[in-house]
Every structure is written in C-alpha cells, then in structure tokens.
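Lettering of chains follows the sequences in order, A, B, ..., and the numbering in each one begins at 1.
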Amino acid sequence: MPQPKDYYELLGLPRNASVDAIRKAYFKAARQLHPDRNEAPGETELFLDIQEAYEVLADPQRRAQYDTRLPPGQRASLPVVERILYSRQTLLRLKEQQLVYVLLNYAVPSDGGSIVAPPLNLCLVLDRSTSMRGANMDMVKATAIQIMRRLRPQDTFSVVAFSDRAETVIPATHNSEPGKLEARIQMLQTGGGTEIFQGLDFGFTEVQRNLKRGSVNHIILLTDGRTYGDEEQCLKLAEMAAAKGVGISGLGIGHDWNDALLDDLAKRTGGSSIFVAQPQEIEQLLIEKFNHLWQVYAEETSLEFELPEGVKLCYAFRLQPEAGLLTQESPIRLGPILHDQGLRVLMEFLIGPQALQKDGVIFLEGQLSLSILALTAQPEPLPVRLRCGLADKAGSEPPPPEVVEALSRLTLYRLQEQARLEAEAGDIDQASRHLERLATHLLERGERGLAKTVMLEAENLKKDHVISKAGGKQIKYGTRSLLMAGTAKDKI
Amino acid sequence: MITCPNCKNQEVPGAIFCSECGTQLIEGASARTHEISTAEGKQIKTSDTTVFPKPPPMAPDSWISLHMVDSGQILTLTERSEFTLGRVAEGQPIMPDIDLTPYNAYAQGVSRLHAVIKLVHEKIIVMDLGSSNGTYVNGNHLAPYVESPLTHGDVLYLGKLKVQVLFGEKQTEKG
C-alpha cells in the first residue's frame with residue numbers, strides 16, 4: 001500500500017491545526033497554485049493535492065478517519081509539555097483583594113526529537129571603551145576566539161566593537177578563514193566612551209543579514225559601563241529585534257554598568273542579563289551563555305493575554321533557564337525553552353472582588369506562541385487559561401511545595417529589590433531594615449558569604465545613605481542566582 | 001487581611017510570604033531551610049539533654065522536663081537551675097540554652113531569646129524575655145520580664161509552639 005499523502009505537510013500545518021487555520025492555509029496555497037496563474041509543469045497536480053487535502057481536513061469526520069491512518073508518532077502531539085501549579089485551588093468570596101501565585105512549566109516533550117544543536121546566528125557586541133583596558137579586554141578577546149573556534153559551518157558569527165562609535169570587526173560570516181578573523185579580534189584596541197546603542201545597532205544589522213527561521217538569532221552584549229542618553233534608543237531597538245525573533249543578552253562586567261538597562265533589554269527580547277564580578281569569570285559565563293543557545297528547542301515564546309477587570313499581574317519572574325524579571329504587560333517574552341531545561345515562570349496575581357464570577361475566577365486568558373526550531377511548520381499557539389474555583393471558607397490544602405520553595409527564594413530577591421528602591425528614595429531606615437532581614441534569611445539558608453555582603457551594605461547604608469554599586473549588584477545577582485539554584489537539582 | 005506573625009505587617013489573603021520581613025505565613029510545607037538548621041541545631045544544643053544514658057521520661061536528678069506537644073518528644077533538663085529557651089539563628093550572638101529550632105520554632109514564631117525557666121527556692125518559675133509573639137501559660141498571656149510560677153502539667157505557648165512542663169520527681173513529691 002502506498003504511503004498516504006501527508007495532507008498536513010502539504011498545507012504546512014501542524015497536526016493539531018484548527019479548522020480555521022486549515023482554511024486559511026488552503027486559501028493561501030490555492031491562490032499561489034491556481035492553474036489560471038501557474039503554468040509551471042507539475043503545479044496543477046500540486047493544486048489538486050491541496051484541494052484533496054483541504055476536503056479531507058476540513059471535514060471533522062473524514063479528518064478523524066484520516067488521522068487514524070497516519071503512521072504512529074506522526075499523530076497530533078503537543079509541541080511542549082505544559083504543567084501549571086497554583087498556590088491555591090480555590091479563592092475566597094471576599095470583599096477585599098487576594099493573591100494567587102502560578103508557576104508555569106513548559107518543557108520539551110519526551111519525543112521532542114534528537115538534540116541537534118540548532119544553527120546559531122550570533123553577534124558579539126563588545127565594549128572597547130577605555131575602562132575595558134587590561135584584564136577585561138584580554139579575557140573578552142580570548143573568549144571570543146574560543147567561541148569562534150567552536151562554531152560549525154552552519155553557524156553565522158559576527159563581532160562588533162563599540163566605544164563612542166561602533167565598527168564591524170567581523171561581518172556576519174560562516175567562519176571560512178578562522179585564522180584571519182582571530183587576528184582581527186586580537187587587534188582590538190581600547191579607547192573612548194560607552195555608547196551602547198551604536199554597538200547594538202551595528203550588531204542588529206549583522207544579525208539581520210542571516211536572519212533565518214530555525215536558527216537561534218542572538219546578540220550578546222558585553223559592557224562594563226553606563227551609556228548616557230541613548231537608553232531609549234536601545235530599548236526601541238530591542239523591540240524591533242524581538243519582533244524579528246532576535247534575542248539580546250547582556251553581560252555586565254564590574255560594578256559600573258547599568259543593570260536596569262541590561263535587564264530591560266533582556267526583558268523585551270526574552271534574553272538574559274548576567275553579572276560578571278571579576279574578569280576571570282568572563283570566560284565561564286560567556287561560554288555558559290553560548291552553550292545555552294545551543295540547547296534551544298523553542299524560542300520566540302510569547303505569552304499574549306488579557307486580564308479581566310479587577311485582576312492585576314503584579315509580578316512575573318523567570319526562574320529557569322536563566323533567572324530574570326519579566327514584564328507584566330502582554331505580550332510577555334518568556335525566553336527560550338531549552339532541551340535540557342524547561343521554562344519556569346512564577347507569577348503573582350492580585351484579584352479584586354469584581355473579578356469573582358459565580359463559581360470560579362478566570363484570571364488570565366491568552367495564548368502562548370512559540371517557534372520550535374526543528375520544525376518547519378510551526379504549531380498553533382497554545383491556549384493558556386488560568387482559573388481557580390471559589391469557596392466561602394479557606395481550604396486546608398497547603399500550596400504545592402514547589403511553589404512555596406520557589407516563592408521563598410523569590411521573596412529574598414524581592415526584599416533586596418525593595419531595599420534598593422527605598423534606598424534610592426532616601427528611606428534609609430526602611431532600606432537597612434529590609435537588608436538586615438534579608439541577611440537573616442540568607443544565614444538561615446547557609447548563604448554566609450552573601451549574607452555578609454548584605455550586612456555590610458546595611459551598615460554602609462546607615463553611614464553613607466547609599467547602597468554601593470558593587471554591593472548592590474552582588475546582592476541583586478546573588479539572590480537571583482539563588483533562584484536558579486533552587487530550580488536545578490537540590491543543592492546542599 | 002492577614003497579619004504576619006513576625007513583624008505584624010498586613011498582607012493580602014493568599015500571600016505565602018510576608019513581603020515586609022520574608023517570613024513564611026502558612027504552616028506545613030515548610031521550606032528546606034528549616035531542615036538544614038534542624039541538623040545543625042541538634043548538634044549545637046539539645047545534646048546535653050538527650051545524650052543521657054537513661055532516656056526520658058525522667059532522669060533522677062532532673063527538676064523539669066519539657067514535653068514538646070506537637071512532636072511528642074521530651075527534653076529533660078538537668079544540672080543547671082536556669083535555662084533560657086529560644087532558637088539559634090546563625091550569625092547572631094544570642095545562644096539560648098535550649099535551642100527549639102528542631103521543633104519548628106521559627107515557623108511557630110519563637111524568638112531567638114524567648115523565655116527563661118528557673119528553679120528558685122524549690123519553686124519553678126517562667127519569665128518571658130520580651131519575645132515578639134509572647135509567652136502564655138495555660139492560655140494566659142505573661143507580661144514580659146515578670147516572673148510567674150509554674151505547676152506540673154502546665155502548658156506553655158512560646159509564640160505558637162506548645163510545650164508542656166513536667167516536673168521532676170523531687171519537685172512533684174513536694175508539690
């Protein structure tokens with residue numbers, strides 16, 4: 001018996017495509033292949049095939065029958081495994097606001113295909129301002145070369161260096177003459193100021209030369225400084241990059257860089273921002289980031305949603321693969337799902353009495369769209385609906401330990417966040433109290449080193465009325481890395 | 001609104017951790033941290049009460065035992081005539097004589113230095129040491145730094161931690 005024609009493949013659809021999507025795909029294909037317009041040999045047959053495919057798939061009965069004839073393993077399967085945990089199953093019928101926490105987990109299904117590293121389309125944007133002179137620049141150069149040597153023929157790589165202005169050191173290339181290119185990196189000189197937008201702009205141009213579906217398009221920014229006056233432009237560029245499926249991740253070296261900006265760039269593009277305390281760490285952290293990109297299973301994950309009246313999303317935080325604050329507005333760019341690490345996002349919702357319906361609350365309605373690198377035909381967006389029941393009395397069921405554990409760590413991160421905001425606003429007493437409490441919790445967790453840093457900052461704060469740049473970053477990224485530790489295997 | 005047992009901050013219903021001081025607000029599902037401190041706590045403190053060759057309920061020269069009602073364990077106190085109760089917090093210079101960390105003291109709202117029990121002129125006395133969540137005897141709140149007598153079988157609340165006091169043989173005979 002001949003293999004039945006794969007109607008889904010013909011229309012470029014996933015196996016769980018909706019009727020609507022099938023109709024749209026058919027019309028699109030039919031317009032292109034209609035015999036009146038196409039005289040190329042063979043296309044009329046193709047047109048007939050598409051008609052046949054449409055007739056079968058548009059009819060639910062015939063489609064179901066057809067589906068059973070498909071070879072096993074080719075039947076409709078979800079592109080990702082979804083698991084949603086709620087801090088509570090039921091909300092209370094209250095006249096006041098109440099909180100609910102949701103932990104979203106998205107992982108690669110067990111039949112998610114072999115782990116073939118996707119092609120990379122990567123641009124390194126390097127800060128070569130005066131302050132990078134010495135160990136920082138040496139490490140950056142060495143690591144860039146190391147990364148270049150690991151690239152495969154299918155990868156595209158480019159390097160941009162910037163100070164007050166930017167230059168393309170290595171244009172987007174398939175790494176044909178590594179020796180010559182390495183020399184170009186070696187010859188980089190430091191000097192000048194820091195204008196991040198210049199660098200990003202050049203980097204984005206390079207990445208766009210080879211923009212391809214199915215590859216990981218990413219800009220990695222390395223900087224040790226603060227950019228002045230062009231933050232807005234940077235953020236606008238990030239939006240444009242995100243729209244084209246380009247992620248931006250930042251590595252901030254030392255203590256003077258603008259963590260808020262790097263966080264913001266990451267937030268808008270689904271990238272990450274990483275703190276590099278010492279030049280010696282540049283290599284490890286950059287390679288780690290690079291390895292993450294090679295593990296990408298799905299990217300451009302974007303959660304579009306609507307909240308009913310009375311519901312507020314107060315906080316959204318990615319715990320895994322790389323901890324980072326997310327936006328609270330739709331769409332949220334969640335960042336990639338990796339082969340070896342699923343995506344975990346913790347959200348806090350504040351629910352007002354007006355959102356309570358008769359027998360439950362739907363507090364988020366939306367969809368998760370994503371792009372799976374190994375597939376040519378992209379799946380339909382996954383519907384996401386968060387809902388709780390309603391009761392008059394509080395249930396005795398404790399929240400899932402996984403949620404509690406994640407929240408306990410996030411609480412620490414938020415304490416330092418609060419302290420920093422208060423310190424900036426000049427509320428020194430509050431800020432130092434929060435830092436002291438944070439230190440107590442850190443000690444309880446056995447994080448002595450970090451606790452000591454926090455205590456020191458609390459003392460500094462009382463004396464100098466500011467949190468030092470160095471301490472502030474150590475505490476922020478220290479508590480953030482605790483979040484990641486918590487999601488990996490148990491540490492102890 | 002719910003109130004944080006540690007800092008009295010008002011939290012929205014459904015909150016699991018206090019946004020002000022980071023204290024866990026719900027019982028049960030206690031995070032891993034407590035287990036770590038449990039192990040350390042055991043090594044640090046209760047050793048002088050549990051290492052005795054003769055196990056509880058009563059060692060002959062003991063004047064008092066503490067019955068941890070929730071866990072059912074009995075701590076027998078000997079040798080000294082005064083014991084401070086509390087929990088060991090790392091990095092804090094305060095060291096209570098009896099560390100209640102293994103009995104979930106943190107989650108139950110026990111202060112680091114919560115109360116003292118002493119034997120004075122053959123009488124057993126309890127005194128709150130200015131704890132955050134107070135000390136209660138049979139449900140009656142004790143004013144801080146005021147001594148009050150105890151009798152055999154009294155139930156003490158240190159915050160929410162329930163402890164029954166059992167007098168040693170010498171004491172019960174006299175009492």
Side-chain angles (χ1 to χ4, degrees), chain A residues 86-88 90-92 94-101 314-315 348-352 388 394 396-418 430 433-434 436-448 451-452 454-455 486 490-492, chain B residues 1-44 86-95 99-113 132:
Chain A
Y86 296 84
S87 67
R88 50 208 287 214
T90 51
L91 290 169
L92 297 177
L94 290 177
K95 294 252 166 9
E96 56 179 335
Q97 293 183 316
Q98 44 192 320
L99 284 173
V100 59
Y101 297 93
C314 311
Y315 212 80
E348 180 188 89
F349 292 92
L350 190 61
I351 293 171
C388 272
S396 55
E397 228 173 295
E402 214 178 314
V403 174
V404 177
E405 178 60 26
L407 256 178
S408 80
R409 289 163 195 269
L410 189 60
T411 305
L412 301 185
Y413 181 75
R414 289 180 78 172
L415 272 177
Q416 68 76 35
E417 207 174 46
Q418 221 174 332
Q430 278 287 348
R433 185 170 340 140
H434 281 134
E436 279 160 9
R437 281 174 173 157
L438 173 60
T440 312
H441 287 293
L442 287 170
L443 280 173
E444 261 162 22
R445 288 186 166 272
E447 300 287 341
R448 286 163 201 261
K452 208 171 147 198
V454 176
M455 284 310 290
D490 285 355
K491 94 187 197 344
I492 283 172
Chain B
M1 284 290 166
I2 48 178
T3 308
C4 168
N6 186 38
C7 69
K8 308 281 180 260
N9 194 46
Q10 294 285 309
E11 293 289 333
V12 177
I16 298 179
F17 287 89
C18 172
S19 65
E20 181 59 31
C21 68
T23 302
Q24 189 170 333
L25 299 172
I26 49 147
E27 297 192 32
S30 83
R32 203 163 288 127
T33 54
H34 298 306
E35 292 169 31
I36 299 172
S37 44
T38 304
E40 284 177 6
K42 268 182 189 146
Q43 279 160 13
I44 296 169
R87 66 184 165 83
V88 172
E90 266 184 83
Q92 300 275 345
I94 304 164
M95 288 289 276
D99 176 25
L100 297 171
T101 307
Y103 309 100
N104 218 3
Y106 176 66
Q108 303 273 29
V110 178
S111 292
R112 296 188 186 105
L113 209 54
S132 308

*Asks:* What distance separates R433(A) CZ from C7(B) SG, expressed to the nearest 0.5 Å?
*Replies:* 9.0 Å
*Asks:* To the nearest 0.5 angstrom, please state how far the CD atom of Q98(A) sits from the CE atom of M1(B).
*Replies:* 11.0 Å
*Asks:* Non-hydrogen atoms of chain A under 4.5 Å away: do they reach the side chain of E11(B), the backbone, both or neither?
*Replies:* neither
*Asks:* Indicate yes or no: at least one non-hydrogen side-chain atom of E348(A) is less than 4.5 angstrom from one of V12(B).
*Replies:* no
*Asks:* Exactly one of L410(A), L415(A), L412(A), T411(A) should register a side chain to side chain contact (heavy atoms under 4.5 Å, CB included) with F17(B). Which one does?
*Replies:* T411(A)
*Asks:* Counting only heavy atoms not in K452(A) (residues, nucleotides, ligands), do more than 12 fall under 6.0 Å from its NZ?
*Replies:* no
*Asks:* Can you find a heavy atom in the side chain of E96(A) that is under 4.5 Å from one in the side chain of P13(B)?
*Replies:* yes
*Asks:* Short question: side chain of H434(A), backbone of E20(B) - any donor-acceptor pair under 3.5 Å?
*Replies:* yes
*Asks:* Checking heavy atoms, do the side chain of L438(A), its backbone, both or neither come under 4.5 Å from chain B?
*Replies:* neither
*Asks:* Please flag which part of R414(A) lies under 4.5 Å from any non-hydrogen atom of chain B: side chain, backbone, both or neither.
*Replies:* neither
*Asks:* Determine whether E444(A) and Y106(B) make a side-chain contact, defined as any pair of heavy atoms from C-beta on separated by less than 4.5 Å.
*Replies:* yes
